[in-house]
Protein chains: 2
Amino acid sequence: MNPSQRLDRTFAALADPTRRAILARLSLGAAPVTELAGPFAMSQPAVSKHLKVLERAGLISRGRDRQRRPCRLEAKPLGDASGWLEGYRRFWEGNFQRLDALLDQMKTLKKRERTKRGKHR
Amino acid sequence: MNPSQRLDRTFAALADPTRRAILARLSLGAAPVTELAGPFAMSQPAVSKHLKVLERAGLISRGRDRQRRPCRLEAKPLGDASGWLEGYRRFWEGNFQRLDALLDQMKTLKKRERTKRGKHR
DNA sequence: TGGTTATAAAACCGATTGGTAATGAATCCT
DNA sequence: AGGATTCATTACCAATCGGTTTTATAACCA
């Protein structure tokens, strides 16, 4: 699977509050499915489906403890996603948006200029 | 809309290569729809739909330039998403995963211990 | 052995997604 | 006035998603 597809799956996995909550819980340590399901008002199969999404995204891995399948956080894909976002850091820290906005404003002014001229056509 | 829903939309918007490519293009400056659609093997309405997703996520805004609707990058939601990911930074930089793995390993050893005892039952 | 617990898997459902083609509307150009 | 350009909207379709209930599998416990 190529890096773009990996980003697809990572971001898609993160685009759900249940899955983000599961990751938050796993950041405190590995946990079996039942414990992960506890806080949610949904069936166990629903949680298992969310876990499969997280697993396919590489965000969790599963072990074996008797009849339990403990889940553990695997954060590398989070690191990759964070790396991707870093490429845009200057846009929310700097004033690149204002530059664009300025250009837009200039165009708008030009347009109004034209409109004025148009009025006494 | 609450912050969790905003994260939902931001991550969902980022979970598509076309939309990430559009953001990459917009990082070079504002652009009208036709120019954004150019590189893609898909219809103009398809691109407009992607733009609507990005707009609903607050990742772009649109201006007016005659009959064009130039799109401009709005990176604040990217900053919020990055901030969320930062909470997990130590997990891909540190050795927290190894700690979990160690606990799993200890459990596995205990289980094997039991199995051995079980053999001469 | 038989019952309970933990989890996965299957079948199903409605809503959403990502695409299409066709149409409409605003603005430009002549 | 009339045609071309830019873009949005609508209607439609197949695929995916997030949930359900039901059933199956595996390991524990008595």
Side-chain angles (χ1 to χ4, degrees), chain A residues 4-5 8-22 30-57 60-72 104 107-108 110-115 117-118 121, chain B residues 4-5 8-22 30-38 40-57 60-72 104 107-108 110-115 117-119 121:
Chain A
S4 175
Q5 289 171 321
D8 287 359
R9 291 193 182 176
T10 301
F11 283 130
L14 296 179
D16 181 287
T18 300
R19 289 192 292 260
R20 288 198 304 277
I22 289 174
V33 176
T34 308
E35 187 180 332
L36 293 175
F40 302 108
M42 75 180 67
S43 65
Q44 167 262 314
V47 173
S48 278
K49 277 195 182 182
H50 282 300
L51 292 175
K52 188 173 280 184
V53 171
L54 290 168
E55 192 174 24
R56 268 174 54 90
I60 67 171
S61 64
R62 307 164 102 123
R64 261 281 178 193
D65 174 24
R66 314 189 180 185
Q67 77 268 46
R68 266 151 243 162
R69 313 292 312 281
C71 300
R72 151 177 9 119
D104 270 12
K107 283 177 185 166
T108 301
K110 253 194 245 166
K111 180 183 136 193
R112 291 205 176 128
E113 199 69 20
R114 249 188 328 93
T115 305
R117 275 192 277 108
R121 185 191 341 152
Chain B
S4 175
Q5 289 171 321
D8 287 359
R9 292 194 181 175
T10 301
F11 282 132
L14 295 180
D16 181 287
T18 301
R19 289 192 292 260
R20 289 198 304 276
I22 288 174
V33 176
T34 308
E35 187 179 332
L36 293 174
F40 302 108
M42 75 181 66
S43 65
Q44 167 260 314
V47 173
S48 279
K49 277 197 181 182
H50 283 300
L51 292 175
K52 189 173 279 184
V53 171
L54 290 169
E55 192 174 22
R56 267 174 55 90
I60 67 172
S61 63
R62 307 162 99 121
R64 264 279 178 193
D65 173 27
R66 313 190 180 184
Q67 77 267 48
R68 264 150 245 164
R69 312 293 311 280
C71 300
R72 152 181 6 123
D104 270 11
K107 283 178 186 167
T108 300
K110 256 194 245 167
K111 179 184 136 191
R112 289 205 179 130
E113 199 68 21
R114 250 186 328 93
T115 305
R117 274 191 279 108
K119 271 201 176 163
R121 183 184 352 145

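Convention: sequence-line order gives letters A, B, ...; per-chain numbering from 1. Keep in mind it's a predicted model, so treat the numbers as computed, not measured.
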Nucleotide by nucleotide, nucleotides 9-21 of chain C touches protein heavy atoms under 4.0 Å in the pattern (B base, S sugar-phosphate only, - none) B-B------BBBB
Rounded interatomic separation in angstrom, taking CD from B:Gln67 and C1' from C:dT27: 5 Å
Rounding to a whole Å, what distance do you find between A:Phe11:CZ and D:dC17:C1'? 20 Å
Taking all atoms of both residues into account, what is the closest heavy-atom pair of B:Asp8 and A:Ala15, and its distance? O-CB, 3.6 Å
Would a 4.5 Å heavy-atom cut-off, applied to side chains only, mark B:Lys49 and B:Thr18 as touching? no
Rounding to a whole Å, what distance do you find between A:Arg62:CZ and D:dA26:P? 16 Å
Just the rounded figure in Å: distance from P of D:dA26 to CG of A:Asp65. 18 Å
I need the full list of salt bridge (Lys or Arg N to Asp or Glu O under 4.0 Å) pairs touching residues 33-44 of chain A, with sequence neighbours left out, sorted by first then second residue. A:Arg25-A:Glu35
Whole angstroms only, please: what is the CG-P distance between B:Leu51 and D:dT9? 12 Å
Distance in Å, A:Leu36 CG paired with A:Ile60 CD1, rounded so as to fall on 0.5 Å steps: 8.0 Å
Distance, rounded to the nearest Å, where B:Arg69 contributes CZ and C:dT27 contributes P: 10 Å
Check whether any side-chain heavy atom of B:Phe11 sits under 4.5 Å from a side-chain heavy atom of A:Arg20, and report yes or no. yes
What I'd like to find out is whether the side chain of A:Arg69 reaches to under 4.5 Å of the side chain of A:Leu51, using heavy atoms alone. no
Are B:Ser48 and D:dC7 close enough that a side-chain N or O sits under 4.0 Å from OP1 or OP2? no
Among the candidates D:dA8, D:dC7, C:dT5, find the nucleotide nearest to the side-chain atoms of B:Arg68. D:dC7
